[in-house]
Amino acid sequence: DNLNKDEIPVWKKVTITKEEAASYSHIGLNKLEELLKIPNCSFVFYVGKKKLIKRKEFEDFIATNVEI
């Protein structure tokens with residue numbers, strides 16, 4: 001078994017990186033960065049200057065929008 005036992009699947013994480021979000025959603029990094037810059041973006045979470053994505057809110061955003 002070559003799976004890292006400490007690795008948490010993306011769908012169980014509270015926050016995910018832009019790269020994980022891009023892979024998970026098939027939305028490009030440039031488009032994600034654009035969305036994260038929108039004032040009051042519901043799914044951005046700052047840790048210092050680092051931007052993470054609140055997974056559940058990101059999923060809700062995708063579920064309630066038909067285009068970006």
Side-chain angles (χ1 to χ4, degrees):
D1 183 28
N2 60 358
L3 182 67
N4 180 348
K5 299 209 185 303
D6 293 332
E7 194 171 318
I8 300 168
V10 168
W11 58 90
K12 288 188 175 184
K13 292 182 176 184
V14 175
T15 60
I16 56 178
T17 65
K18 290 181 284 191
E19 293 76 16
E20 287 172 324
S23 175
Y24 185 59
S25 66
H26 298 283
I27 297 172
L29 283 170
N30 289 340
K31 180 53 84 172
L32 278 173
E33 190 60 51
E34 204 177 293
L35 292 171
L36 292 171
K37 288 179 182 175
I38 295 172
N40 300 319
C41 174
S42 64
F43 53 87
V44 68
F45 181 71
Y46 291 94
V47 179
K49 290 185 178 187
K50 182 178 181 178
K51 291 179 191 175
L52 292 175
I53 293 173
K54 296 184 269 186
R55 185 189 50 79
K56 286 181 183 173
E57 287 81 349
F58 182 55
E59 289 173 352
D60 291 344
F61 173 81
I62 291 171
T64 57
N65 287 278
V66 294
E67 69 177 337
I68 52 173

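The model shown is predicted, which means the values in this text are computed figures rather than measured ones.
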> So which atom in I68 and which in K31 form the shortest heavy-atom distance, rounded to 0.1 Å?
CD1-CG, 3.5 Å
> With sequence neighbours left out, which residue pairs that include part of residues 48-68 fulfil the ring-ring contact (aromatic ring centres under 6.0 Å, His included) condition?
F43-F58, F43-F61
> Can you list every side-chain hydrogen bond (donor to acceptor under 3.5 Å, both in side chains) pair that touches residues 39-50, not counting sequence neighbours?
none
> If you round to the nearest 0.5 Å, how far is CD of E7 from NZ of K13?
7.0 Å
> When rounded to the nearest 0.5 angstrom, what distance separates CD in E20 from OG1 in T15?
8.0 Å
> Judged by atom type as modelled, is there a donor-acceptor pair below 3.5 Å linking the side chain of R55 to the main-chain atoms of I16?
no
> Crowded around N65 CG? As in, over 12 foreign heavy atoms under 6.0 Å?
yes
> Measuring from K37:NZ to C41:SG, what's the distance to the nearest 0.5 Å?
12.5 Å
> Could you grab the distance from atom CG of L52 to atom OG1 of T17, nearest 0.5 Å is fine?
7.5 Å
> Closest approach of S25 and A21, non-hydrogen atoms and distance?
OG-O, 2.6 Å
> Applying ring pair (Phe, Tyr, Trp, His ring centres under 6.0 Å), can you list everything that pairs with Y24, at least two apart in sequence or on another chain?
none
> Establish whether L36 and V10 are linked, either directly or via other cluster members, by ILVMFWY side-chain heavy-atom contacts under 4.5 Å.
yes
> At what distance, to the nearest 0.5 angstrom, does NZ of K18 lie from CG of L35?
12.0 Å
